[in-house]
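As the structure lists them, so they are numbered: ligands from 1, and atoms in each ligand from 1. Since this is a predicted model, take the numbers as computed values, not measurements.
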Amino acid sequence: MTKQAFSVLIAGGGSTYTPGIVLTLLNQLERFPIKTLKFYDNDGERQQVIADACAIIIKERAPQIEFLATTDPETAFSDVDFVMAQIRVGKYAMRSLDEKIPLKHGVVGQETTGPGGIAYGLRSIPGVIELVDYMERYSPNAWMLNYSNPAAIVAEATRRLRPNSKIINICDMPIDIMDRMAKIVGLKDRNDLVFRYYGLNHFGWWTDIRDQQGRDLMPEIKAYVAKNGYWLGGDYDAQTEASWARTFKAAADVYALDPTTLPNTYLKYYLYPQAVLAHADPTYTRTDEVRAHREAYVFSECRRVVQNGTAKDITYTGDEHSTYIVDLCTAIAFDTKQRMLAIIPSAGAVANLDPTAMVEVPVLFGANGPERLAMGNAATFQKGLITEQNCVEKLVVDAYIERSYTKLWEAMSLCKIVPDAAVAKVILDEMIVANRDYWPELA
Ligand SMILES: NC(=O)c1ccc[n+]([C@@H]2O[C@H](COP(=O)([O-])OP(=O)(O)OC[C@H]3O[C@@H](n4cnc5c(N)ncnc54)[C@H](O)[C@@H]3O)[C@@H](O)[C@H]2O)c1
Ligand SMILES: O=P(O)(O)OC[C@H]1O[C@H](O[C@H]2[C@H](O)[C@@H](O)[C@@H](O)O[C@@H]2CO)[C@H](O)[C@@H](O)[C@@H]1O
Ligand SMILES: [Mn+2]
């Protein structure tokens, strides 16, 4: 790509993350110039609240940018260079059921892991495939950076169903953790770290972390994590909600299991489900917190901007979620070969795993997308966990493609978070009813 200004589409314009991405795009125009910004969502009313506020922000900060919000796929996807995808098929109403149905049966209920993640996966697959098809029809040269969860299952589905598409599935969790690691060792942010990492999405480990001069930072970070997990406290965590605080702290227990590596926070759901359940309230789950906090805050800020007719006093900023996706677009647009994480087919990136496994590993990002780096072999503990979880993710995609009840039951039964096949069946049968408007009919 040699263009000097790019056209960007945010698919899932009504997402709570959209204003943060817009603010980051506007902050980084010198690095990543844009001429057009569009929003697309299939809920026009929800998107309009965010769009009305963003129109004011853009008019005040970069009036040269052409901005529009639409529910029409052709208008949205025509003439774009990058699609930033962040849809939530079924919205928070369905996320709530993903969490509450398993909890009713004594099983962890979580957005991207366990039965909740499986249910969300079956809803997301057709939604993301539809976005890919729109992009390929209307802007065949564009790239899609996809945050839509559950990224592991979505990535396996796009690998199987659209193998040649220019979609890159990404996650902000390791990015957030690396910003924390940088703080732990007194560095500015994640860009000061040179790291090795491997696993599946929400299921990985760092094996090496150095500064730009090659100094090994693992011992210092490990000593900190052993005591505090990734919890920094103070100003850094002033806005961090209690449930996230527990997750960052719980990394200490996950780390204890393998002190040769540093873990992703999401491993707590697989390795310590009983501790997660001990804090769970089946009537008030993470969705209820998100609706009361992030969603309420974002939408009330947007309404306030519109009411005041100005965004001059907006309290909102971008964060690692928005800076990461803008960094990725910049790396592709300007062929920087920056080393960043993405979810790609292993093909030897982790030598002793199934080459078709969609692994999360560092890659070099340039104009042709991600170029893989070799992370060596997974250790025995990791290899066992990854192999099982990857088979769960593959079975979910098998179930979707074959419309197979049995494959989905196998996926739930194999999942480490679910105690046995009978419990898996009860949860699955309840989820089939709850997801009747979204899932394919299974036989
Ligand atoms: N990969 C990551 O690390 C990461 C990080 C944060 C959020 N996410 C994901 O980003 C997404 C957005 O999260 P949120 O909490 O802001 O959700 P949200 O519900 O606020 O926003 C999602 C938007 O997607 C829209 N949508 C749903 N189905 C659609 C479809 N088929 N076509 C077009 N639009 C559709 C909804 O109307 C809604 O406006 C979720 O999938 C979430 O899991 C991923
Ligand atoms: O429960 P939610 O909706 O708050 O978060 C679910 C998402 O959690 C991860 O992203 C976090 C990120 O790691 C954290 O530091 C902060 O920026 O918030 C993000 C979203 O809340 C995870 O990577 C995503 O896949 C989840 O959707
Ligand atoms: Mn993630």
Side-chain angles (χ1 to χ4, degrees), residues 9-21 39-51 69-73 76-77 83-96 98-99 110-113 116-117 120-121 123-134 145-155 168-180 200-204 230 232 236-237 239-241 243-245 247-248 264-266 285-296 298-299 318-325 341-343 360 438:
L9 169 67
I10 300 181
S15 159
T16 55
Y17 293 92
T18 297
I21 294 179
F39 291 177
Y40 168 74
D41 203 291
N42 66 0
D43 180 343
E45 214 177 303
R46 181 181 175 88
Q47 172 170 258
Q48 204 57 46
V49 179
I50 308 279
T70 180
T71 56
D72 175 49
F77 285 83
V83 179
M84 298 174 169
Q86 43 171 359
I87 61 169
R88 182 185 291 288
V89 178
K91 296 188 274 192
Y92 291 128
M94 291 309 297
R95 175 176 176 178
S96 179
D98 294 344
E99 294 165 351
Q110 210 278 322
E111 182 197 24
T112 63
T113 64
Y120 188 14
R123 292 197 303 278
S124 282
I125 294 170
V128 174
I129 294 288
E130 184 177 67
L131 299 183
V132 169
D133 290 348
Y134 288 147
L145 285 315
N146 178 55
Y147 265 135
S148 314
N149 266 322
I153 291 171
V154 168
I168 300 162
N169 295 287
I170 55 169
C171 173
D172 64 11
M173 190 75 256
I175 310 312
D176 181 276
I177 296 171
M178 284 193 286
D179 277 343
R180 288 169 182 273
L200 308 170
N201 178 238
H202 290 180
F203 206 94
Y230 296 116
L232 297 180
Y236 195 95
D237 275 315
Q239 303 301 322
T240 306
E241 291 165 78
S243 53
W244 272 106
T247 294
F248 287 123
N264 190 298
T265 44
Y266 274 87
T285 57
R286 177 65 193 151
T287 302
D288 301 295
E289 289 180 357
V290 170
R291 300 203 78 162
H293 297 113
R294 188 173 68 242
E295 187 185 37
V298 168
F299 279 79
D319 59 8
E320 66 289 332
H321 179 88
S322 54
T323 53
Y324 192 58
I325 197 163
L341 280 169
I343 304 161
E360 191 162 24
Y438 299 96

Checklist line | Sub-2.8 Å protein N, O or S atoms surrounding the Mn ion (ligand 3) | finding: C171 SG, H202 NE2
Checklist line | Residue part near ligand 2, for R294, under 4.0 Å between non-hydrogen atoms | finding: side chain
Checklist line | Polar side chain donor-acceptor pair, N146 to S148, under 3.5 angstrom | finding: yes
Note to self: Closer than 4.0 Å to some heavy atom of C171 - which atoms of ligand 2 meet that?
What the structure shows: 23 (O)
Check: For atom 16 (C) of ligand 2, which of H293, E320, H321 has the closest heavy atom?
Finding: E320
Next item on the list: Report the part of E295 in contact with ligand 1, treating N, CA, C, O as backbone and CB onward as side chain, heavy atoms under 4.0 Å; options are side chain, backbone, both, neither.
Entry: neither
Margin query: Between ligand 1 and R95, can you find any atom pair, the residue atom being a heavy atom, that is separated by under 4.0 Å?
Written below: no
Checklist line | Location of contacts on R95 toward ligand 2, heavy atoms closer than 4.0 Å | finding: side chain
Margin query: Counting only heavy atoms closer than 4.0 Å, does ligand 1 sit against the backbone of T112, its side chain, both, or neither?
Written below: neither
Note to self: Taking 4.0 Å as the limit for heavy-atom contacts, which would you say applies to M173 with ligand 2: side chain only, backbone only, both, or neither?
What the structure shows: both
Margin query: Contact between ligand 1 and Q47 is defined here as a heavy atom of the residue under 4.0 Å from a ligand atom; is it met?
Written below: no
Next item on the list: Return yes or no for this condition: an N or O of Y266 is under 3.5 Å from an N or O of ligand 2.
Entry: yes
Margin query: Testing the basics here: between R123 and G90, what is the closest heavy-atom pair and its distance to 0.1 Å?
Written below: NE-CA, 4.2 Å
Margin query: With a 4.0 Å cut-off on heavy atoms, is S148 in contact with ligand 1?
Written below: yes
Margin query: Is the contact between W244 and ligand 2 made by the side chain, the backbone, both, or neither, using heavy atoms and a 4.0 Å cut-off?
Written below: side chain
Notebook entry, point to check: When you measure from atom 25 (C) of ligand 1 to each heavy atom in N201, N146, D41, T71, which option holds the nearest one?
Noted result: D41
Next item on the list: Flag T112 as yes when one of its N or O atoms lies below 3.5 Å from any N or O atom of ligand 2, and as no otherwise.
Entry: no
Check: So between Y120, Y147, F39, Y92, whose heavy atom ends up nearest atom 15 (O) of ligand 1?
Finding: Y92
Checklist line | For H321, the ligand 1 atoms whose distance to one of its heavy atoms is below 4.0 Å | finding: 5 (C), 6 (C), 7 (C)
Checklist line | Within reach of ligand 2, part of Y120 (heavy-atom separation under 4.0 Å) | finding: neither
Margin query: Against ligand 2, does E241 come closer than 4.0 Å with any heavy atom?
Written below: no
